[in-house]
**Student:** 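Pasting a structure below so you can have a look.
In the text below, chain A, chain B and the rest are named by the order of the sequence lines, each starting its count at 1. Nothing here was measured: the structure is a model prediction, and the numbers come from that model.
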Amino acid sequence: MGVYLLRRVLVAIPTLWLISVLVFAVIQLQPGGFLENLLEDPRVSRETIENIRRQYLLDQPVWVQYLHWLGGIVRGDFGYSFLNSRPVSELIWERMGWTVFLAFLTILVTWVIAIPLGIYTALNRYGPSSTALNFVGYFGLATPDFLVALLLIYWVLSTGGTNVGGLFSPQYIDAPWSWAKFQDMLAHLWIPLIVIGLDGTATIMRQMRANLLDVLSQDYIRTARAKGLAERVVLWKHAVRNAINPLISLAGLQLPTLISSTIIASIVLSLPTIGPFLYDSLLNKDQYVVMALLMLSALLLMVGNLLADVLLAWVDPRIRYE
Amino acid sequence: MKRRVWLIAMVLLALGLGYAQPKVLPAYTSLGVTTGKAGGSLTLSLASAPQTFFYYGAIDSAIQNLTNQMFDGLIEYNLANYQIEPALATRWSITDSRVYTFDLRRDVRWHDGRPFTADDVVFTYTQIVANPEARGGDAANFEGVKIEKLGDFRVRFTLPKPAPAFIHYMRLPIMPKHKLLPFSQEGGKPRAEINNAWPTNVNPEEVVGTGPFRLRSYTPGQQVTLVKNPNYWKRDTAGNPLPYLEQLQYLIITDSQARVAQFLAGNIGQINITGAEFPDLKRRETQGAPFRVVQFRALFGSPPHIGFNYNAKNAELANLFKNSDFRRALQFAVNRERIIEDVYNGLAERASYGVAPLSEWYYPEVARLQGRFDLNAANAALDRLGLRRGPDGIRRLPSGRPLEFTLTYGSNSAVFTAIATILQSDFQRVGVKVNLQGILAANLLSTGRGQDWEAILLALGDQPDPELRTPIWKPGGALYYWHQATQPTTPTGQPQFNNFLPWEREIYDLWERAASTTNFTQRKALYDRWQSIVAREAQVIMIAKEYAVGAVSNRYGNYIYSLGVIPGFNPVPLMFQR
C-alpha cells in the first residue's frame, strides 16, 4: 500500500505540471486583461499601466512569466492579486474556512440523507412514498441551485422569516462564538445546505437505488436468502456493501466542487466562500488568483481520487493495490 | 471690570481654539430633516467586498462608499441644492480661477487623536492625488499644480492656467500624513508603493480619518463595521454633535435580488433600488410594510445613450453614422416616453448631455431639439438620405447591401436589455435592422474605446460641472469614443483636427473658451451653446435619466438619497434610529 501511494503521488507531479501549463496558456489566451480594464477609468494613465506591468513582470516574454510563476508555486508563493494588492494565498486562506466547512457539511448531509433514501426507494420500488421521493429526486436534479435558492428566500420572506442569506444575522457576524451565535448559524445554514446539497442528494439517491436494485438481483443474494440468512443480514452485509462501492469513487470527484460548483448559489445567498471570489477574479481578469484557484481545483481532484481509491481498498477486500 | 474683560477675552479665545470650529449643518427642512437622537445602528450593503481600505489604492466602489463615512474633503456639497460648502476648509479665496487659497478648520482630530493640519492636505495632494502611480489618484488634473503650505492651517494651490471647475476636486478625501508617510515617495519609497497602504487585512486602528465614522472591523467577504467618531466636527442645527448613529454595518451582498430580500427581511435598513424594482416595493409599502420608498431627482447618475461609431470598420456604415441627418432620423425612432414608462416605470426623465436636468448647467431647450417619437418623420428623413426599402422592408445601403448594424449593450443589466429590445423593434419599423450583441455591462466602456463595434448602448456619469467631464464631451478627449479619429495619436499630443467635423470644431472651441472663462454667466452661455449644438446634431442619442430611488426602513429618520460613492455628498451623519 505504501509503495502504491508513493507511486500515485509521483505520477501526480507531472500531471500537475501539465495542468499548470494548460492553466497558464488558457489565461494568456483570453483577450484583454486586468490592466486593460484599468484603462477604462479616465484617472488611469498609460504610464501607470506600464509601471504596473513592469512591477509584475508582465512586460517579459510569456515563458519567463510562466517560469517565474511556477518557481513561485514551488516555493509556496502563488503570486499577487492585482485587484487586492495582496498575496493570493492570504486571500484564499481567508475564505477557506467557511468554504471547507460548508462543503464538508453538505457532503456529509447529502450522504446521510441520500444513502438511506436510496436503499428505501430500492426496497419499496413501487410504493407511493418511493414514487414521491423519486419525484423530489428528479426535481432536485432538474432545478438549478440558484433557482432553489430564490424560491427558498421567497418562501422564508413570505412566512415572515428574516434569515434570507449569509451565514449569520448582521449582529452575529463579528461576535465571538456563543450559544446564541451557534443557533443563529443553524437558522441560516439550512438554506445553503438544501440549495447546495439538493442536486447531490438526488444524484446519490438515484445512484444508490440503481446499484442496490442491480445487486439485489444477483445470484449470491438469492443464495444468501436460500441459506436462510436473516433479511437484515442479506441486505446490510451482502447487498448494501456491494452497492456502495461505485459511490465511493463518486465521492472522490466531489472534492473540487469545494471551489467551483457553488459559485452562483453562493452569490445569490451571499455566502463568504471562495465561489464569489473566483467569480469576481474571473470578471476582473485577476490572473494570479484565477490560476491559483484552478490549480487548487486540479489538486483537489487528484487528492479526492486518491482518497477514494484508498477508501475503496479499505471497504472492499477484493481490491488490493500491490 | 478689567478682570472681567480679561475673562471674556479668555472665554472667546477658548471658544476660538479649544472648542474650535464645528460646522453647523443647514436645517434642510425642505428635505424633511428634523433633530434626531443619538444612538442606534444602521445596516447598509456593499455590492462587492472592498479591495483595500485605502481610497486612492484602487478604483473600487466599496472603498468609495466606506471612505465617504471615514474621511472628509476640503469642501462638500449642500445636500439640498448641491452648492459647494466648507468641509475641512472653512473658507477659501480664488484669484483668477488660478490661485486657490484655503483656510483649514482648526482642532479637527484624526480618529487616533492626532491633530489635522495643512501638512496632511499638502501630503494628500502632492504624494497621493498627484502621484501618477496611485491607482485611484487623479494625476492628470493636478499636472503642473503647485501645492504649498502657508502656515499650519492654510494651503495654496497655484494652477498653470485658469480652471474654474477646479474647486470640485477639493472634495477628494484628505489622508493622514502620519500614517501614510511610510508608503510615500516622501517617505523614501517608490511611487507605486502607495497602492500597498492599508490592505484589507490591515489593523483597523491604522485606518484613521477625520470622518463621522471610523473602521472597527472587516470580516472577509461578509461585513465591514464602522463606529461613531465621537469627536466629529459637524453639528446639527440645534447644536447636537453628529453623527447620531453609534454604528454603521455594511453587509457584502453581490446579488441585487438578495439585497432586496435582506431589506424586506429587515436585516438592512436602507437600499438604493432601480425603477424596475420600484413597483414591488411600492406595493408592499402601500400594503403597510414598515418601510418607505422615496424618489429624488438625481444630480449624479449615468443616463444611457446610443453611441454610433463614426469610424466603424464598415465604411458605408461609418459614412452614415458620421452623418447628422442619419442620426437625427434614427432619433425620431427612439421612443423615450415608452422607455421611461415601460423600462423605468415612469421614474425617469429626458436627459441632456453630461449634466442632469436638475443641474444649474442644464439647457432646457435640449428636450425640444431632441424632438419627439415620430416614425413618419424618421421614415421621411431616411428616404431623403436615399436609403430605399428593399422587398423585405429593410432599407438598402448605396452598395445594395441591407442597412443593418450591431447594437452592443450590457446584457446583465435589466434596464439595458429592455431598452435595447425596444430600440431594435422600433428601428425595424423604419426599415433599419439592428442585431443585438449583449456583453457584460462592466465591459461596455472598454468595448466602446476599442474599434470592434458599430452602435453601443452606454451610460456615462453626470457631474455637477460640465468641465469635470471634459474627456468625454470635448472632441478628441480620451473618452470621446464615438469619433476616435479625433483623438490624439500620442497620449500628450494634440487632437487630430483634420478629422474634426465642422460642428465638432465649433464645440471644441466652445470648450476651450469655457475652460478659461471664470464668469459663471459667460460659462453658462458657452455650455448652453454646446448643449444646443450636440442636441441639434444628435452627436449621441441621449435616452433618459433615471430618478434616484431608495427604500428606507421606518426605524430610521432623516433619510436623504445618496448614491454612496460620490465624495462630498454624504447625508448619513444626519440619519438616526427612532
**Student:** Please flag which part of Pro50(B) lies under 4.5 Å from any non-hydrogen atom of chain A: side chain, backbone, both or neither.
**Tutor:**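 Backbone only.
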**Student:** Is atom CH2 of Trp190(A) surrounded by more than 12 heavy atoms (other residues, nucleotides or ligands) closer than 6.0 Å?
**Tutor:**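 Atom CH2 in Trp190(A) is crowded, with more than 12 foreign heavy atoms closer than 6.0 Å.
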**Student:** Heavy atoms only: give me the nearest Gln262(B)-Gly165(A) pair and the separation to one decimal.
**Tutor:**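 Result for this residue pair: NE2-O, 3.4 Å.
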**Student:** Under 3.5 Å, is there a donor on one side chain and an acceptor on the other for Asp174(A) and Thr225(B)?
**Tutor:**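 Thr225(B) and Asp174(A) do have a side-chain donor-acceptor pair below 3.5 Å.
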**Student:** Ignoring hydrogens and geometry, is there a side-chain-to-backbone donor-acceptor pair from Gln249(B) to Pro170(A) under 3.5 Å?
**Tutor:**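 Side chain of Gln249(B) to backbone of Pro170(A): a pair is present.
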**Student:** Measure the spacing between CG of Leu150(A) and CG of Asp255(B) and express it to the nearest 0.5 Å.
**Tutor:**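 One gets 7.0 Å once the value is rounded to the nearest 0.5 Å.
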**Student:** Is Gln222(B) close to Trp98(A) at the side-chain level, that is, under 4.5 Å between some pair of heavy atoms?
**Tutor:**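 Counting from C-beta outward, Trp98(A) and Gln222(B) do come under 4.5 Å.
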**Student:** Is the shortest heavy-atom distance from the side chain of Asp60(B) to the side chain of Leu83(A) under 4.5 Å?
**Tutor:**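 Counting from C-beta outward, Asp60(B) and Leu83(A) never come under 4.5 Å.
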**Student:** Could you tell me which portion of Leu251(B) (side chain, backbone, both or neither) has an atom closer than 4.5 angstrom to a non-hydrogen atom of chain A?
**Tutor:**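 The answer is the side chain of Leu251(B).
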**Student:** Using atom types as modelled and distance alone, determine if a side-chain donor or acceptor of Asn267(B) lies under 3.5 Å from a backbone N or O of Thr162(A).
**Tutor:**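 Side chain of Asn267(B) to backbone of Thr162(A): a pair is present.
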**Student:** Using heavy-atom distances under 4.5 Å, tell me whether Tyr80(A) contacts chain B through its side chain, its backbone, both, or neither.
**Tutor:**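 Tyr80(A) touches chain B through side-chain heavy atoms alone.
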**Student:** Return yes when atom CH2 of Trp177(A) has more than 12 non-hydrogen atoms of other residues, nucleotides or ligands closer than 6.0 Å, and no otherwise.
**Tutor:**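 Correct, the count exceeds 12.
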**Student:** In terms of heavy-atom contacts, does OH of Tyr279(A) have more than 12 from other residues, nucleotides or ligands at under 6.0 Å?
**Tutor:**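 Counting other residues, nucleotides and ligands, OH of Tyr279(A) stays at 12 neighbours or fewer.
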**Student:** Can you tell me which of Ile472(B), Thr52(B), Thr200(B), Ile268(B) forms the most heavy-atom pairs within a distance under 4.5 Å of chain A?
**Tutor:**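 So the answer, after comparing Ile472(B), Thr52(B), Thr200(B), Ile268(B), is Thr200(B).
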**Student:** Which atoms of Leu271(A) are under 4.5 Å from chain B, going by heavy atoms: the side chain, the backbone, both sets, or neither?
**Tutor:**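 No part of Leu271(A) comes within 4.5 Å of chain B.
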**Student:** Answer with side chain, backbone, both or neither: which region of Ala192(B) has an atom nearer than 4.5 Å to a non-hydrogen atom of chain A?
**Tutor:**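 For Ala192(B), side-chain heavy atoms alone lie under 4.5 Å from chain A.
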**Student:** Measure Glu133(B) against the heavy atoms of chain A and call it side chain, backbone, both or neither at under 4.5 Å.
**Tutor:**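 Interface part for Glu133(B): both.
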**Student:** Could you measure the distance from the CD atom of Gln51(B) to the CG atom of Asp286(A)? Nearest 0.5 Å is fine.
**Tutor:**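 Nearest 0.5 Å value for the CD-CG distance: 8.5 Å.
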**Student:** Please flag which part of Leu440(B) lies under 4.5 Å from any non-hydrogen atom of chain A: side chain, backbone, both or neither.
**Tutor:**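 Answer is side chain: those atoms of Leu440(B) sit under 4.5 Å from chain A.
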**Student:** Is it the case that over 12 heavy atoms from other parts of the model lie below 6.0 angstrom from the CZ atom of Arg216(B)?
**Tutor:**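 Not buried by this count: 12 neighbours or fewer within 6.0 Å.
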**Student:** What part of Phe277(A) is in contact with chain B, defined as an atom under 4.5 angstrom from a non-hydrogen atom: side chain, backbone, both or neither?
**Tutor:**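 The answer is neither part of Phe277(A).
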**Student:** Please rank Asn201(B), Asn131(B), Thr254(B) by heavy-atom pairs under 4.5 Å with chain A and give me the top one.
**Tutor:**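 With the most close heavy-atom pairs to chain A, the winner is Asn201(B).
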**Student:** Could you walk me through whether Ser85(A) and Arg135(B) pass side-chain contact (heavy atoms from CB on, under 4.5 Å), step by step?
**Tutor:** CA-CA 11 Å; Ser85(A) 301; Arg135(B) 289 195 196 162; 4.0 Å; yes
**Student:** Quick check: closest heavy atoms across Gly161(A) and Ala265(B), and the distance to 0.1 Å?
**Tutor:**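 Taking every non-hydrogen atom into account, O-CB, 4.1 Å.
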**Student:** For Ile252(B), is it the side chain, the backbone, both or neither that has a heavy atom under 4.5 Å from a heavy atom of chain A?
**Tutor:**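 It is the backbone, since no side chain atom gets that close.
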**Student:** Is Arg191(B) close to chain A through its backbone or its side chain, or both, or neither, when contacts mean heavy atoms under 4.5 Å?
**Tutor:**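 Side chain only.
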**Student:** Is there side-chain contact between Pro199(B) and Glu90(A), with at least one heavy-atom pair below 4.5 Å?
**Tutor:**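 Side chain of Pro199(B) against side chain of Glu90(A), heavy atoms only: no contact under 4.5 Å found.
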**Student:** Can you tell me if Gln451(B) has over 12 outside heavy atoms packed within less than 6.0 Å of its CD?
**Tutor:**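 Open.
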**Student:** Tell me, out of Ile267(A), Val268(A), Ile173(A), Val156(A), who's got the most heavy-atom pairs with chain B below 4.5 Å.
**Tutor:**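 Top option by heavy-atom pairs under 4.5 Å: Ile173(A).
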**Student:** Take a 6.0 Å sphere around CD of Glu143(B) and say whether it holds more than 12 heavy atoms from other residues, nucleotides or ligands.
**Tutor:**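 No, because the 6.0 Å sphere around CD of Glu143(B) holds 12 heavy atoms or fewer from other groups.
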